[in-house]
2 protein chains.
Amino acid sequence: MPSIDSYAGGVARPPRPDQLVDLLRRAIRERVLLPGQPLNQDDLARRFGVSRIPLREALRTLVGEGLVVMQSGTGAVVIELHPEELAELFDLRLALEPPLTAAAVGKVSPAALGELESLVEQMDAGAGRDVGLWATQHYAFHRRLLELAGRRHSLRLLTQVLNLVEPYSRLHTTLVGAQQHSRSEHLPLLDALRRADAEEVRDLTVASIAAAAARLEAFSSSSGEAGRDPLSVLLDDPV
Amino acid sequence: MPSIDSYAGGVARPPRPDQLVDLLRRAIRERVLLPGQPLNQDDLARRFGVSRIPLREALRTLVGEGLVVMQSGTGAVVIELHPEELAELFDLRLALEPPLTAAAVGKVSPAALGELESLVEQMDAGAGRDVGLWATQHYAFHRRLLELAGRRHSLRLLTQVLNLVEPYSRLHTTLVGAQQHSRSEHLPLLDALRRADAEEVRDLTVASIAAAAARLEAFSSSSGEAGRDPLSVLLDDPV
DNA sequence: GGTTCCCCCTGTGTATACAGCGTATGACTT
DNA sequence: AAGTCATACGCTGTATACACAGGGGGAACC
């Protein structure tokens, strides 16, 4: 399990404000900072090699994106989702994502397509070995695909949704490890993209999201006995 | 035209962080801070009676919500939308809003319904007099309705979209002044809500959004001669 | 006269320092 | 022994202060 320091250590110079936000986002997505975890400002600032001012500003940005909750006096906490909220977020993905992938159809250059293909290859190559790496590449693939539609605001909103869901998807991936669905979902999608079949792309996107929702739903209802409060049942905080 | 000071002056005590964000959001929605306008930190901080630190944090939150853009060195600017971006945002409303109003159907208490009705009444009562007030109440009505569905994240995302569009809708309202559509759109919606006819509620929501998009589209293409860069053609900055 | 370079200056970005609140620990009371 | 209150610590929130970058205007050069 990587510590937050490995994120901070990567950059020799103190990170620029944008980089700082990025690092924190990644840390939350990749479960280095866990849902519900209190974020000690002094601590984080020291680890990133900045003072509390820029750190607090980065946290405020994440508050705006919904990834972090801050209440006066108590400080900041990584957002924690209840099962119903996860369901809601998958509904949002269903509303936002299919139109975006479909809209990307006309705009994928052969170069971009090649890039996506190589991402899938890399992802599947090391699939069995490092599930964390697989999850990261999986996220990158989807993100990259969605960028191609060239719709700024849709992308921004959808990114917020994906970032909220990612820690929970990743928990599932880590524990169940099932990436069998990977090839069978991504390759047909790329194929449809290549053929510029917008309808097929949309349908495959819908199916893929529904499948992901179903996997996560089945998982969380089998793990937690009866929809306990948040999913924190599963999240034994390694303090 | 109200100045930013009227916002700051309302509160005797220096505003709490949350209030500060709220005040800035309102100022942007209500065109007190115009799209593209540079936000001088010293100036704003002084007007709100706080130092630059909490002001900057509030701005960062708005950056996370997409209302403000900050680039290092240059500082913060209110976001400015191109016509295509407005169209994209209306697409997003079409994707997000109808499911939410439909979902509210089961959950509106008689009390809440009454509250919504009185909002419509107030709105229409002073419709001719103060278009700014009308626009504010109009926003409040829709926001209140959407809250009722009880879907946190959908509401959060949709609010971001509404806040982005609002300055431009409001410009239209201010110049064209047309609130004729108000009663004819809101009363049937409330009626369908009362009858708990989810499908009707959804359809009316779709129609209402489409109508709003059409109005704004017609307006902006008639005002700016030929889709000039941003809509800033219309926005003569009163410095 | 136009263009380019440099300097000054306004305003942003960040560290340091302090004030206030929330929480936990301990003692005292019932 | 349990509950309650007071005190102290830690952390957050914010103001002050300083370093630096970016932009505009003036002067010198072409």
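Proteins get letters first, then strands, A, B, ... in listed order; numbering begins at 1 in each.
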Could you encode protein contacts along nucleotides 12-19 of chain C as a string, one character per nucleotide from 5' to 3', using B for base contact, S for sugar-phosphate-only contact and - for no contact, with a heavy-atom cut-off of under 4.0 Å? BBBBB---
Protein-nucleotide distance (Arg46(A), atom CZ; dT12(D), atom C1'), rounded to Å: 15 Å
Quick one: do Leu55(A) and Leu39(A) satisfy side chain to side chain contact (heavy atoms under 4.5 Å, CB included)? Show the steps, please. CA-CA 11 Å; Leu55(A) 182 93; Leu39(A) 301 171; over 6 Å; no
Salt-bridge criterion met for [X] and [Y] (N-O under 4.0 Å):
{"X": "Asp42(A)", "Y": "Arg46(A)", "value": "no"}
{"X": "Glu88(A)", "Y": "Arg152(B)", "value": "no"}
{"X": "Arg25(A)", "Y": "Glu65(A)", "value": "yes"}

Parallel, tilted or perpendicular: which describes the rings of Trp134(A) and His138(A), with under 30° parallel and over 60° perpendicular?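 Parallel: the ring planes of Trp134(A) and His138(A) meet at under 30°.
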